[in-house]
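Working notes, structure below.
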Amino acid sequence: VNQAVLDVVASDARSGCRGVVPIDARLEDWQVALCAAPDELSRLLELHGSPLNIIDPSAMARNAAELQRVADSHEIDFKMFFARKANKALALIDEAKSLGLGVDLASERELIQALGRGVIAAETMVTAAVKPAALLSLCVESGATVAIDNEDELRRISALAQQQSRRVPIALRLAPTLPEGRPETRFGTDGPAALEMANRHWAAGLGSQLDIVGVHFHLDGYDPHERVSALAECFTVIDALRVQGHAPSFVDMGGGIPMSYLESPSQWATFWHEHRRSLLGQRDALTFESHPLGLVVRDGEITGRANVYPYFQEPTRADWLERVLTAPIQAGGHGSVADALRARGLQLRCEPGRSLLDGCGLTAARVEFRKQRRDGTWLIGLAMNRTQCRSTSDDFLVDPLLVRPQLTPADAAEAEAEPVDGYLVGAYCIERELLTWRKMRFPRGVAVGDIVVFPNTAGYLMHIVESSSHQMPLARNLILRPGQEAVIDEIDVSGR
Ligand SMILES: Cc1ncc(COP(=O)(O)O)c(C=O)c1O
């Protein structure tokens with residue numbers, strides 16, 4: 001399909017369903033091409049059930065290359081570990097492996113799966129928030145690198161390493177100093193405490209089987225300055241560890257490399273401007289029952305912070321990494337972060353999840369009903385529940401697309417051609433079971449059998465909170481590679 005055709009299809013799919021104040025998604029050609037074949041999409045929904053997660057891993061290569069180019073331009077040793085928790089499809093582990101990326105793993109099962117796909121221990125990084133004995137034991141057996149969060153973990157892994165007479169590579173996880181007012185992180189220990197912990201441990205002869213190969217942190221949020229100051233703390237700890245005779249060779253700055261879901265900064269700004277006006281009663285509601293999306297209205301003023309992912313943001317990936325690497329840093333000398341890395345011969349590691357999956361997925365679901373509530377509010381019911389396109393963010397602030405396959409004669413007869421403004425609702429028997437809080441506009445109406453497509457859902461949105469309450473089956477995950485038939489990801493065959 002040529003670009004001109006794709007543009008027409010994209011514009012058609014966008015115009016079928018849009019936020020009352022639109023926030024248009026950035027779309028990949030493969031996503032648009034799928035929208036150009038609504039009968040094929042309908043066939044897949046029929047075959048596998050609704051909703052359906054469709055994943056094309058190809059964009060991972062482009063996203064990784066974008067970061068690698070920046071690292072290369074600063075001549076630093078750089079290694080990405082794909083944060084696999086962001087999506088459970090096994091094909092994405094394969095993709096990361098084939099691109100020469102490592103894999104960051106958050107549980108025993110994730111580690112078993114990565115090793116089972118042929119990822120070698122040296123290419124793994126285990127950052128699980130809680131590490132039960134079975135996971136620690138598998139780390140020891142397999143030689144995976146483990147980010148040590150606390151002293152209990154250190155004690156337990158040394159004991160296992162001694163029992164199994166194996167050397168285990170570990171990284172100390174730091175809890176960097178955060179700017180005032182920023183909530184503390186639950187992860188890691190502060191630099192001096194980490195050093196003291198290592199001292200005590202090695203002095204007691206307990207570290208004999210452990211190699212401190214690196215220092216790690218992960219911060220929530222996306223602020224490049226926070227990464228720079230955290231890296232400075234890591235350099236201090238690494239320098240001290242080297243004085244003590246350890247040989248750390250990397251610093252790992254975790255994930256949180258930003259991406260942007262939207263086409264336009266102005267649409268994002270306009271949405272928030274209008275949402276604030278609506279919360280102040282200056283215009284009609286943009287969200288279900290005026291859901292504030294984290295903002296607080298008090299005495300005619302708006303305070304609080306939006307509790308949503310910054311679906312539009314700048315800088316992203318390459319520009320963001322450039323800012324981190326070129327930031328001046330005082331760490332035993334002057335120069336940039338890149339200089340400090342090179343001077344110490346350190347590898348910079350990171351663990352991007354979401355930003356590597358940018359462009360890799362979509363979630364599609366079928367419209368099953370349209371109805372008006374007693375007060376006239378339109379509700380559009382989809383065959384999915386709200387955990388199937390949701391993250392920890394209050395809402396998915398990206399406009400879905402609407403495509404119409406060949407309808408059954410009965411549905412076609414009832415297809416509504418009149419414009420409708422309404423809310424997408426899901427299948428859990430909960431009053432506030434909204435698939436998105438925002439009010440959607442369907443200028444050409446909406447029919448039973450239409451397909452709603454949520455674009456760019458591969459990073460967390462498909463899986464991080466998905467549940468199968470009411471005995472609804474989890475969504476099927478299909479892998480769609482360019483020019484090939486869609487196949488069921490092996491996680492749905494073997495991994496549940
Ligand atoms: C330790 C660690 N590394 C990497 C990531 C991935 O973060 P992101 O998907 O924002 O890049 C996370 C996310 O929670 C994490 O906890």
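When a ligand or atom number is given, it counts from 1 through the structure's own listing order. Bear in mind that the values here come from a model prediction, so they are computed numbers and not experimental data.
Between Gly256 and ligand 1, at least one N/O pair is under 3.5 Å apart. Geometrically, ligand 1 and Pro352 share no nitrogen or oxygen pair separated by less than 3.5 Å. For the pair His216 and ligand 1, the shortest N or O to N or O distance does not fall below 3.5 Å.
Within the 3.5 Å criterion, the main-chain N or O of Arg481 finds no donor-acceptor partner in the side chain of Trp30. A donor-acceptor contact shorter than 3.5 Å is absent between the side chain of Asp104 and the backbone of Phe81.
The aromatic rings of His246 and Trp202 sit perpendicular, their planes meeting at an angle over 60°, well past the 30° parallel limit. Ring orientation note: the planes of Phe396 and Tyr261 are nearly perpendicular, at an angle over 60° on the 30°/60° scale. Between His275 and Phe271, the ring-plane angle classifies as parallel under the 30° and 60° cut-offs.
Checked for salt-bridge contact, Lys131 and Asp149 miss the test: no charged N lies under 4.0 Å from a carboxylate O.
Close approach of ligand 1 to Glu351 (heavy-atom distance below 4.0 Å) involves ligand atoms 1 (C), 2 (C), 3 (N), 4 (C), 5 (C), 6 (C), 11 (O). Taking every non-hydrogen atom of Arg354 and a distance limit under 4.0 Å, the qualifying atoms of ligand 1 come out as 8 (P), 9 (O), 11 (O). Heavy-atom proximity to Thr127, at under 4.0 Å, picks out these atoms of ligand 1: 1 (C).
Contact annotation for Asp220 and ligand 1: no heavy atom of the residue comes within less than 4.0 Å of the ligand. Residue contacts with ligand 1 for Ala83 involve side-chain atoms from C-beta outward but no N, CA, C or O (heavy atoms, distance under 4.0 Å).
Nearest to atom 5 (C) of ligand 1 among the protein's heavy atoms is His218 CE1, 3.6 Å. Nearest non-hydrogen protein atom to atom 2 (C) of ligand 1 is Lys85 NZ, 3.4 Å. Protein heavy atom in closest approach to atom 9 (O) of ligand 1: Tyr460 OH, 2.5 Å.
A cation-pi arrangement is present between Arg173 and Phe187 under the rule of less than 6.0 angstrom and at most 45 degrees off the ring axis.
Of the N and O atoms on the side chains of Tyr309 and Gln313, at least one donor lies less than 3.5 Å from an acceptor on the other residue.
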